[in-house]
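One-based numbering, in listed order, for ligands and for the atoms of each. Keep in mind that what you see is a predicted model, and the values were worked out from it rather than measured.
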Amino acid sequence: MVTSADLTKPHMWFPFARAMKRKIIYHCGPTNSGKTYNALQRFMEAKKGIYCSPLRLLAMEVFDKVNALGVYCSLLTGQEKKQVPFSNHVACTVEMVSTDDLYDVAVIDEIQMMADSCRGYAWTRALLGLKADEIHMCGDPSVLNIVRKICSDTGDELHECHYGRFKPLVVEAKTLLGDLKNIRSGDCVVAFSRREIFEVKLAIEKHTDHRCCVIYGALPPETRRQQANLFNDQDNEYDVLVASDAVGMGLNLNIRRVVFYGLTKYNGQKNVPVPSSQVKQIAGRAGRRGSIYPDGLTTTLHLDDLEYLIQCLKEPFEEVKKVGLFPFYEQIELFAGQLPNLTFSQLLEQFRENCRLDGSYFFCQHDHIKKVANMLEKVKGLSLEDRFNFCFAPVNIRDPKAMYHLLRFASSYSQNLPVNIAMGMPKGSARNDTELLDLETRHQVVSMYLWLSNHFKEETFPYVKKAEEMATNIAALLGQSLIKANWKPESRQMRKPKPEGKKSEEGDGDEKPSYERPRSIAKLFDR
Ligand SMILES: Nc1ncnc2c1ncn2[C@@H]1O[C@H](COP(=O)(O)OP(=O)(O)OP(=O)(O)O)[C@@H](O)[C@H]1O
Ligand SMILES: [Mg+2]
């Protein structure tokens with residue numbers, strides 16, 4: 001009889017933080033209301049501070065901004081480690097938060113991500129475990145009640161600062177009437193698949209004088225920033241942005257109007273309406289205090305989507321009842337002791353089925369981890385801990401090439417051989433979508449190599465310098481390719497024949513397979 005795995009009372013997993021009287025300040029409000037700005041003021045004033053970001057890109061933005069303001073700040077993400085001498089501040093991604101170091105001030109941005117089905121555990125761990133006298137959390141009101149409950153469990157003192165948008169977000173009722181020719185300078189068209197992003201870019205550049213920048217999940221942070229800067233810069237003809245929901249967080253963009261190309265997306269089984277919280281987050285990127293468009297507008301391409309947009313923006317934030325948890329390695333190890341003959345993937349499944357949780361928590365999804373764990377079963381000689389850690393490597397599990405390289409890295413590592421990159425530098429920028437997809441994969445592979453070198457014995461990954469160089473060069477090639485991109489998009493699986501009738505599993509790189517809208521792009525111009 002397997003004793004259950006106990007994940008109850010997670011606040012007791014951090015006795016040191018429990019011994020502190022922490023002051024928690026919740027900067028609560030909609031997008032573009034000054035939450036992060038105010039929290040960063042306290043971060044910069046502190047003797048020792050940590051800023052926890054939802055995205056590498058945002059960590060890089062804060063790293064640049066804070067250093068430019070004369071506060072020495074280091075950068076720590078899964079892939080990047082930039083140690084600034086004499087720095088007492090660090091900007092990091094939330095998964096990299098240290099719950100050992102002591103801080104005066106900590107900032108946890110986008111705290112509502114505690115409810116995220118896959119990554120929520122990282123925010124929960126940061127809130128429960130950070131050893132900081134003062135913790136500033138920024139986010140929307142959806143997790144306010146559960147944060148109140150958690151703070152009463154931890155005994156911390158909670159202060160709430162409520163914010164309103166600097167300028168109200170206005171819905172434009174006339175929409176684009178289904179015609180992309182009505183696009184205007186400063187517009188950001190939001191589509192939920194990589195294929196549509198390139199189709200929209202192609203169509204706009206073919207039928208109007210506007211040039212488009214693009215931002216989507218599979219692009220490296222440096223390339224997203226390059227595209228964002230190109231769009232923000234008023235002295236060039238790139239005055240329209242076409243983006244996925246990757247634009248929803250972090251980037252400071254001069255967007256006048258957010259135009260939703262559609263408001264449904266494929267959730268792995270079927271087309272579903274985009275959740276209202278996500279619609280709000282994305283629409284809220286329009287208009288930004290301090291930008292050239294302080295007034296935010298939003299609308300839809302098609303009239304029949306407008307009603308849903310208005311409904312989403314009106315809807316109050318849905319109260320989150322549970323936040324994510326995921327076991328530490330030690331908890332898995334303890335559980336493994338009772339089930340010595342299971343594979344790691346079976347162990348995870350057993351753990352999830354047998355674990356006990358308090359009512360305020362849920363067990364985060366781990367399809368990604370399971371898929372990698374299954375693939376690594378064929379690699380003998382990996383310890384349980386190494387297997388556990390390899391499963392968190394940032395790999396697009398639907399990209400066979402990327403998965404092959406991860407398998408190769410793990411095999412070399414398991415034989416104590418120096419892990420090499422074994423992938424050449426591409427010759428130049430992409431001339432078609434196949435080559436663009438290849439650049440995306442190559443960047444992901446070197447990015448994974450860097451991540452592994454930061455999480456495993458560094459001497460086993462001796463080509464970090466080369467990987468850093470390749471990552472920079474490939475990101476630059478991607479930027480050049482996007483400026484030229486005037487080709488029809490492929491889907492990732494086009495590189496291997498798709499079984500007849502199967503939906504292409506194409507995503508925007510963050511793996512949301514594409515969906516077929518009732519109208520094809522061509523029809524938009526059948527005038
Ligand atoms: N007091 C202020 N003085 C000057 N600029 C400010 C001030 N507060 C906010 N801003 C600017 O307004 C913009 C929006 O602020 P901020 O990024 O803090 O909003 P937010 O609520 O965190 O938005 P989001 O939810 O989108 O992250 C930023 O460009 C920020 O620099
Ligand atoms: Mg913010």
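Residue R289 holds the heavy atom nearest to atom 5 (N) of ligand 1 of all those in Q41, R289, Q112.
Residue E110 touches ligand 1 through its side chain alone, judged by heavy-atom distances below 4.0 Å. If you look at R288 next to ligand 1, the close heavy atoms, those under 4.0 Å, all belong to the side chain.
The Mg ion (ligand 2) has an N, O or S atom of T36 closer than 2.8 Å.
Geometrically, ligand 1 and N38 share no nitrogen or oxygen pair separated by less than 3.5 Å. For a threshold of 3.5 Å applied to N or O pairs, the pair formed by R285 and ligand 1 contains at least one separation below that value. Not a single N or O atom of F166, backbone or side chain, sits closer than 3.5 Å to an N or O atom of ligand 1.
Here F43 and H136 keep their ring centres 6.0 angstrom or further from each other.
Between the side chain of D239 and the backbone N or O of G186 there is no donor-acceptor pair closer than 3.5 Å. Looking at D433, its side chain never comes within 3.5 Å of a backbone N or O of L436 through a donor-acceptor pair.
Judged by the shortest distance from any of its heavy atoms, C138 lies outside the 4.0 Å radius around the atoms of ligand 1.
Ring planes of W451 and H455: parallel class, angle under 30° (limits at 30 and 60°). A perpendicular orientation is assigned to the rings of F326 and F392, their planes being inclined by more than 60° (bins at 30° and 60°).
Cation-pi geometry between K322 and Y361 is not satisfied (NZ or CZ under 6.0 Å from the ring centre, within 45° of the ring normal).
Contact atoms of ligand 1 toward S33: 19 (O), 20 (P), 21 (O) (distance under 4.0 Å to a heavy atom of the residue).
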Q) What's the verdict on salt bridge (charged side-chain N to carboxylate O under 4.0 Å, His left out) for D156 and R18, showing C-alpha distance, side-chain angles and the deciding distance? A) CA-CA 8 Å; D156 294 315; R18 292 301 70 78; 3.7 Å; yes

